A.B. asks: 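First the structure, then my questions, so here it is.
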2 protein chains.
Amino acid sequence: MSTTIAQVARYAGVSPSTVSYVLTGNRPISEATRTRVEAAIRDLKYRPHAGARSLRSSRTNVIGLVVPFHRPHDVSALPFIGAIAAASYAKGFNVLLLTADRGAAEIDRVVRSAMVDSLIVLQINLHDDRMEVLTDLDRPVALIGIPDDTHGLPCIDFDFHGAAALCVAHLADLGHRSVAYLGQPQLMYDRGTAYVQRALEGAREAAERHDMSWSTQPCEATRAATDRAIRDALVRQPDLTSVMVFNEPALPHVLESLASSGKRIPEDISVVSIANEAALTGTRPAVSGVSIPAEELGTAAAEMVLSAPAGPSPDTEPVLLPPIFVRRDSDMPLGS
Amino acid sequence: MSTTIAQVARYAGVSPSTVSYVLTGNRPISEATRTRVEAAIRDLKYRPHAGARSLRSSRTNVIGLVVPFHRPHDVSALPFIGAIAAASYAKGFNVLLLTADRGAAEIDRVVRSAMVDSLIVLQINLHDDRMEVLTDLDRPVALIGIPDDTHGLPCIDFDFHGAAALCVAHLADLGHRSVAYLGQPQLMYDRGTAYVQRALEGAREAAERHDMSWSTQPCEATRAATDRAIRDALVRQPDLTSVMVFNEPALPHVLESLASSGKRIPEDISVVSIANEAALTGTRPAVSGVSIPAEELGTAAAEMVLSAPAGPSPDTEPVLLPPIFVRRDSDMPLGS
DNA sequence: CTGAAAGCGCTTACAG
DNA sequence: CTGAAAGCGCTTACAG
């Protein structure tokens with residue numbers, strides 16, 4: 001089959017243990033033998049057998065990544081996965097893909113069979129039924145998303161609550177007295193996904209704080225749905241002057257729905273949004289708001305799990321990446 | 001640490017080999033001992049150590065999945081990944097994520113270190129520089145995408161060539177004499193991604209076959225880019241009556257660009273497209289065309305690799321999933 | 001600075 | 001139908 005340490009040792013004229021110590025770096029080696037061993041490794045294209053290594057050292061150098069593959073697919077997951085994979089590979093770790101569909105049992109199975117050293121869980125619910133398994137795991141874990149009770153596990157997320165509040169506060173600063181919040185599909189709320197709820201809360205609190213008239217509704221990412229949502233919002237808030245959208249694939253449809261309701265953007269209605277930067281800048285007008293630093297978040301999560309201790313620890317504080325509001329062409333001061 | 005076979009054997013009062021044979025099913029076992037052993041496994045929450053198992057059996061039950069995480073992210077990859085993961089898990093296989101960025105070296109490394117039994121490669125180029133490594137691998141491989149020369153490796157893809165031809169032929173059947181093809185960003189062409197090229201060829205050939213006036217250009221998924229693309233197309237083909245779009249995230253923008261050029265859909269311009277079904281049905285008007293069966297393709301690829309023999313074999317024919325044209329509200333007969 | 005040896009947890013011929 | 005034993009390829013005390 002494949003080359004083994006024994007073969008490399010024979011080829012280099014040294015003992016197997018010497019080869020192993022060259023690989024691990026756990027022992028001083030003379031320059032001459034190191035060179036000979038390294039040449040043998042190259043010549044024979046030797047690669048350590050991952051299974052043997054994990055059996056002996058009980059380390060796999062594999063991170064388990066739990067990804068939500070729900071339908072409709074949440075396309076915003078892809079940059080996270082890419083960033084986590086890139087960051088992991090850069091540090092010499094591989095990524096095993098787990099699907100969230102199978103819940104806690106899947107996590108338990110993979111960890112108990114010693115396939116992964118640690119875990120990153122990608123979409124956390126406020127009340128997440130995987131928390132118990134994750135705390136009992138005795139492996140480093142990083143959660144992307146903040147549950148109601150972190151149980152002392154390391155969590156990281158973009159500050160969706162703050163981002164939404166920032167968007168609404170910006171509208172208030174421009175003099176707007178009313179805002180309609182168009183959110184995610186009902187399904188996402190039903191699942192209890194943490195960031196979806198936190199964004200809604202952040203927006204609602206900011207609207208209350210600024211004494212704005214407020215309405216909200218879930219929304220599918222189709223033109224028919226945004227038409228309905230905008231029409232309903234205009235019925236509920238006849239004097240509506242601003243819309244906040246937290247639904248990336250629906251964003252272009254929302255702009256169209258407003259336009260075909262006879263609302264000019266930004267002259268009649270100001271629009272702000274939370275989405276990936278490309279989605280905000282790809283429309284016309286380009287949409288003001290906060291972009292989600294998916295790459296940064298994924299990279300940070302990978303680094304976090306690689307330095308995290310196993311198991312919960314009581315003083316672990318959730319990490320929140322701060323939102324930055326960028327003004328573009330979809331908003332203007334009221335009545336200007 | 002974790003429970004071992006020896007512990008299960010002691011608990012159940014049988015020999016370790018008996019426990020192992022219960023697990024593998026490679027030996028007849030009396031009903032009584034099987035029951036006792038299974039109870040012990042449950043009580044002790046035993047899971048076989050994956051590394052030990054792979055060391056001994058040289059099988060890992062892991063499929064390596066090579067995914068293109070290019071920027072801008074190709075969001076259409078997500079349903080493929082999801083379907084492959086689901087199908088693999090359903091058959092008792094786990095999925096190790098590899099990034100295409102590191103090319104052939106990454107594949108070689110992971111296979112040589114015995115981390116995977118087999119490989120699925122997600123986005124194949126016409127001239128793919130990974131073919132040599134893949135043929136030398138001596139592991140089952142399935143390519144999603146068809147290279148110019150398959151080297152006898154099993155390939156599967158949606159028939160993008162046929163799908164594009166079907167779309168254009170439909171326009172011709174409606175009496176259209178001209179078509180503008182809006183494709184993927186230039187980057188995708190530069191990479192030589194097979195399906196992107198094949199769709200373009202299929203459309204071009206069909207246009208020639210039906211004697212239609214024809215133009216094509218790459219297109220970014222922004223409103224500014226679709227505006228430019230539509231304007232250019234109307235300059236090159238002043239009597240343009242139909243547009244074919246193969247760029248899912250650009251589709252809503254294209255409809256808007258046409259509208260703001262004063263073109264009604266479908267009265268002035270018929271539009272057809274290849275995209276995921278949700279993208280075709282989410283717009284207004286809903287777009288006629290061919291939807292990409294991502295789930296079906298991913299599932300088929302997973303099944304393919306699990307039944308494929310190792311290495312190339314000369315009589316392996318590429319598998320193409322057939323396109324189906326569905327008429328919606330974006331097209332009509334010319335001059336009706 | 002180097003080597004011989006034990007043992008990680010499995011699977012499977014071999015023997016009964 | 002069942003058990004005792006070898007060995008997969010590594011890492012690391014132990015001995016020199």
Side-chain angles (χ1 to χ4, degrees), chain A residues 1-38 40-41 44-62 92 94 109-117, chain B residues 1-38 40-41 44-62 92 94 109-117:
Chain A
M1 291 277 130
S2 222
T3 317
T4 67
I5 278 196
Q7 292 170 316
V8 173
R10 212 171 308 129
Y11 185 93
V14 298
S15 74
S17 50
T18 299
V19 174
S20 184
Y21 281 115
V22 168
L23 290 167
T24 60
N26 287 344
R27 170 194 268 184
I29 305 275
S30 77
E31 200 44 43
T33 49
R34 153 165 292 119
T35 311
R36 279 225 308 290
V37 170
E38 280 167 351
I41 288 173
L44 302 179
K45 297 189 181 177
Y46 168 75
R47 282 283 171 195
H49 187 289
R53 190 169 252 190
S54 106
L55 174 58
R56 177 58 227 234
S57 67
S58 48
R59 299 199 61 239
T60 61
N61 278 26
V62 174
N94 299 285
R109 180 182 72 78
V110 166
V111 170
R112 292 199 108 82
S113 59
M115 300 190 76
V116 301
D117 295 333
Chain B
M1 292 273 128
S2 224
T3 316
T4 67
I5 278 196
Q7 293 171 316
V8 173
R10 211 170 309 130
Y11 185 95
V14 298
S15 75
S17 50
T18 299
V19 175
S20 184
Y21 280 115
V22 169
L23 290 168
T24 61
N26 287 343
R27 171 195 268 184
I29 305 275
S30 75
E31 200 44 43
T33 50
R34 152 167 291 117
T35 312
R36 278 227 308 290
V37 168
E38 280 167 352
I41 288 173
L44 303 179
K45 296 189 181 177
Y46 169 76
R47 284 282 170 196
H49 187 289
R53 188 170 255 189
S54 106
L55 174 58
R56 177 59 227 235
S57 66
S58 48
R59 299 198 63 239
T60 62
N61 276 27
V62 175
N94 300 284
R109 180 182 72 76
V110 165
V111 170
R112 292 200 109 81
S113 59
M115 300 190 77
V116 302
D117 295 333

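Reminder, nothing fancy here: chain letters follow the sequence lines and each chain counts from 1. In this text the structure is predicted, and so the values were computed from the model without any measurement.
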A.B. asks: Which range-with-range stems can be found for DNA chain D when each stem has 3 or more Watson-Crick or G-U pairs in a row and both distances sit under 3.5 Å?
C.D. replies: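 The stems are C:1-3 with D:14-16, C:5-12 with D:5-12, C:14-16 with D:1-3.
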A.B. asks: With sequence neighbours excluded, what pairs up with B:Thr33 under the side chain to side chain donor-acceptor pair (under 3.5 Å) test?
C.D. replies: B:Ser30
A.B. asks: Taking the C1' atom in each of D:dT12 and D:dG16, what is the distance between them to the nearest angstrom?
C.D. replies: 16 Å
A.B. asks: Would you give the length of the straight line joining atom CG of A:Leu23 to atom CD of A:Glu38, rounded to the nearest 0.5 angstrom?
C.D. replies: 9.0 Å
A.B. asks: Name all residues meeting the side chain to side chain donor-acceptor pair (under 3.5 Å) criterion together with A:Arg112; count only those two or more places apart in sequence or in a different chain, and write none if there are none.
C.D. replies: A:Asp108
A.B. asks: Tell me what A:Arg47 touches on the nucleic acid: a base, only sugar-phosphate, or nothing, going by heavy atoms under 4.0 Å.
C.D. replies: sugar-phosphate
A.B. asks: Within a strict 4.5 Å, meaning less than it, do heavy atoms of the B:Arg36 and B:Val14 side chains meet?
C.D. replies: yes
A.B. asks: Can you sort out the partners of A:Ser54 under side chain to side chain donor-acceptor pair (under 3.5 Å), two or more places apart, ordered by chain and number?
C.D. replies: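 Side chain to side chain donor-acceptor pair (under 3.5 Å) list for A:Ser54, sorted by chain: empty.
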A.B. asks: How would you summarise protein contacts on nucleotides 1-8 of chain D per nucleotide, using B for base, S for sugar-phosphate only and - for none, with heavy-atom distances below 4.0 Å?
C.D. replies: SBBB-BBB
A.B. asks: Between C:dC1 and C:dA5, how far apart are the P atoms? Round to whole Å, please.
C.D. replies: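 About 24 Å, rounded to a whole number of Å.
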A.B. asks: OP1 or OP2 of D:dT11 less than 4.0 angstrom from a side-chain nitrogen or oxygen of A:Arg53, does that happen here?
C.D. replies: yes
A.B. asks: Which residue pairs satisfy the salt bridge (Lys or Arg N to Asp or Glu O under 4.0 Å) criterion with at least one member in residues 5-31 of chain B, sequence neighbours excluded?
C.D. replies: none
